[in-house]
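Here the structure is laid out as structure tokens; the discussion comes afterwards.
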2 protein chains.
Amino acid sequence: MSNIPEICATTVLEVVPLVMRNIRREMRNNRGSDLSVPQFRSLAYLSNNEGTSLSDVAEHIGLSLPSASKLIDGLVNRKLVLRKPSEDDRRRIMLSLTQEGQTTLQSAVQATETYLTRVLAALPENECAEVLHAMQILRPLFASVAP
Amino acid sequence: MSNIPEICATTVLEVVPLVMRNIRREMRNNRGSDLSVPQFRSLAYLSNNEGTSLSDVAEHIGLSLPSASKLIDGLVNRKLVLRKPSEDDRRRIMLSLTQEGQTTLQSAVQATETYLTRVLAALPENECAEVLHAMQILRPLFASVAP
DNA sequence: TCTAATGATTAGACTTGCGAAGTATAGCGC
DNA sequence: GCGCTATACTTCGCAAGTCTAATCATTAGA
């Protein structure tokens, strides 16, 4: 097992909220696609999983069922997402993006790309790659940790 | 400037909230030092900047003055932080950790170290180092971006 | 001294999360 | 077929955390 330096905890607890905060602001300030981070994640997930159920979304983005329901409420009210009762099991609802949902998602992705590109541009190429690689490493690591 | 791959935005927007969420839960579940992330950050900052002012803390952890005031309220009520009006300018307050604040911070740092060590233990040593290095890279990058 | 600026707090609203309880549908044992 | 349990989702009420606007106390400057 690796020897984690003492500085680790405080660094992580400083950097992660910092990045989170900047991302949040960036998504909020985005004209035409003002989204919260969970809203963005819902749209992104739905775009790859057309017709999935609410509980599926909730589990994927790590929210309780009530929270996810309210979250989707907001997106439906903004006409970004369509709720449709499933035909073979009418307890289920099938969620999908509207046309406007698609374009809003596109716009948000684009804006975030632009933002990250701008920020990461300050790095030499190898460090930039290292950061992105670290993200790839972290994803399964933290996704799999038990609640 | 580096060429940021298209996958970047969605990855970052998935990984960062994920890590954030896990950290938050870890700090909350910590018996004896149940702290929110901003609470932790305040304590950590105060431990290195004894006697600093409220506005200083607010700026450092990226909160509005009222939010920071309420945050410190909570810590004062729990007797982790001491509020003392400055003598040369009585509008200012000087903030400092109590003895209990010190030990609570210590305990929280320790618990987070343990948690991160446990999670990162799944990685080969070089990847672990890479992740930690990426954190170091990101800190100044996101700290300096204008609000 | 009066006024403007500064540091902090209070008040009120909003968002976003949760748990508990409620509703509607499905499935199963008899 | 009837009734019980399980499942999918919604509603309700609460708590935490954030902001803006208004306020208070103190200081600095004209």
Side-chain angles (χ1 to χ4, degrees), chain A residues 13 17-18 20-29 34-43 46 49 51-78 81-96 147, chain B residues 13 17-18 20-29 34-43 46 49 51-78 81-96 147:
Chain A
L13 280 162
L18 208 57
M20 188 72 188
R21 181 180 180 78
N22 279 278
I23 287 178
R24 196 172 334 192
R25 200 196 51 221
E26 206 56 31
M27 309 241 8
R28 279 298 186 196
N29 288 346
D34 163 14
L35 296 173
S36 71
V37 170
Q39 282 175 334
F40 174 91
R41 294 187 64 202
S42 306
L43 293 185
L46 287 177
N49 300 271
T52 194
S53 68
L54 180 70
S55 42
D56 189 26
V57 174
E59 184 183 350
H60 180 262
I61 63 181
L63 282 180
S64 69
L65 220 43
S67 300
S69 182
K70 253 171 67 173
L71 181 66
I72 296 296
D73 256 7
L75 295 173
V76 169
N77 288 339
R78 283 172 63 178
V81 167
L82 224 57
R83 261 197 189 103
K84 210 180 104 189
S86 163
E87 305 204 341
D88 36 319
D89 182 345
R90 294 182 39 219
R91 293 169 303 181
R92 266 172 192 276
I93 60 170
M94 286 170 45
L95 298 172
S96 56
Chain B
L13 279 162
L18 207 59
M20 190 70 189
R21 181 182 179 78
N22 278 279
I23 287 178
R24 196 170 347 207
R25 202 196 49 222
E26 203 60 27
M27 310 242 7
R28 279 299 187 195
N29 288 347
D34 162 15
L35 296 173
S36 71
V37 171
Q39 282 175 334
F40 174 90
R41 294 186 64 202
S42 305
L43 293 186
L46 287 179
N49 300 271
T52 194
S53 69
L54 180 69
S55 43
D56 187 27
V57 174
E59 184 183 350
H60 180 262
I61 63 180
L63 283 180
S64 69
L65 220 44
S67 300
S69 183
K70 247 173 72 172
L71 182 66
I72 297 295
D73 256 7
L75 295 173
V76 169
N77 288 339
R78 284 171 61 178
V81 167
L82 223 57
R83 261 197 189 103
K84 208 181 105 188
S86 164
E87 306 204 341
D88 36 320
D89 182 345
R90 290 179 45 216
R91 293 170 301 183
R92 266 172 191 275
I93 59 170
M94 288 170 44
L95 298 172
S96 56

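- Using five terminal pairs a side, the axes of the helix from C:dT1-D:dA30 to C:dC30-D:dG1 at its two ends make an angle of 0°, given in steps of 10 degrees.
- Applying the salt bridge (charged side-chain N to carboxylate O under 4.0 Å, His left out) test to pairs two or more places apart or on separate chains, none has a residue in residues 56-72 of chain B.
- Here the C1' atom of nucleotide D:dT18 and the CD1 atom of B:I61 are 12 Å apart, to the nearest Å.
- With sequence neighbours excluded, the residues satisfying side chain to side chain contact (heavy atoms under 4.5 Å, CB included) with B:D73 are B:R83.
- In this structure, the salt bridge (Lys or Arg N to Asp or Glu O under 4.0 Å) partners of B:R91, at least two apart in sequence or on a different chain, are B:D89.
- Taking the side chain to side chain donor-acceptor pair (under 3.5 Å) definition, one finds that B:N77 meets it with nothing, sequence neighbours left out.
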How would you summarise protein contacts on nucleotides 20-30 of chain D per nucleotide, using B for base, S for sugar-phosphate only and - for none, with heavy-atom distances below 4.0 Å? BB---BBS---

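- Following rounding to the nearest Å, A:N77 (CG) and D:dT10 (C1') show an atom-to-atom distance of 14 Å.
- Every residue meeting the side chain to side chain donor-acceptor pair (under 3.5 Å) condition with A:S55, not counting sequence neighbours, appears here in chain and number order: A:S53.
- Look at A:S55 and you won't find any side-chain N or O under 4.0 angstrom from OP1 or OP2 of D:dT7.
- Summarising the geometry, the separation between CD on B:Q39 and P on D:dA16 is reported as 10 Å, rounded to the nearest angstrom.
- For A:N49, the side chain to side chain contact (heavy atoms under 4.5 Å, CB included) partners at least two apart in sequence or on another chain are A:Y45, A:T52.
- By the side chain to side chain contact (heavy atoms under 4.5 Å, CB included) test, B:P66 pairs with B:S64, sequence neighbours left out.
- Atom CZ of B:R41 is separated from atom P of D:dT18 by 10 Å (rounded to the nearest Å).
- When DNA chain C is scanned in the 5' to 3' direction for atoms under 4.0 Å from non-hydrogen atoms of chain A, the outermost contacting nucleotides are C:dT15 to C:dA26.
- Contact annotation: side chain of B:K70 to base of D:dT18, donor-acceptor pair present below 3.5 Å.
- Scanning for salt bridge (Lys or Arg N to Asp or Glu O under 4.0 Å) contacts around A:R90 gives an empty result, with sequence neighbours left out.
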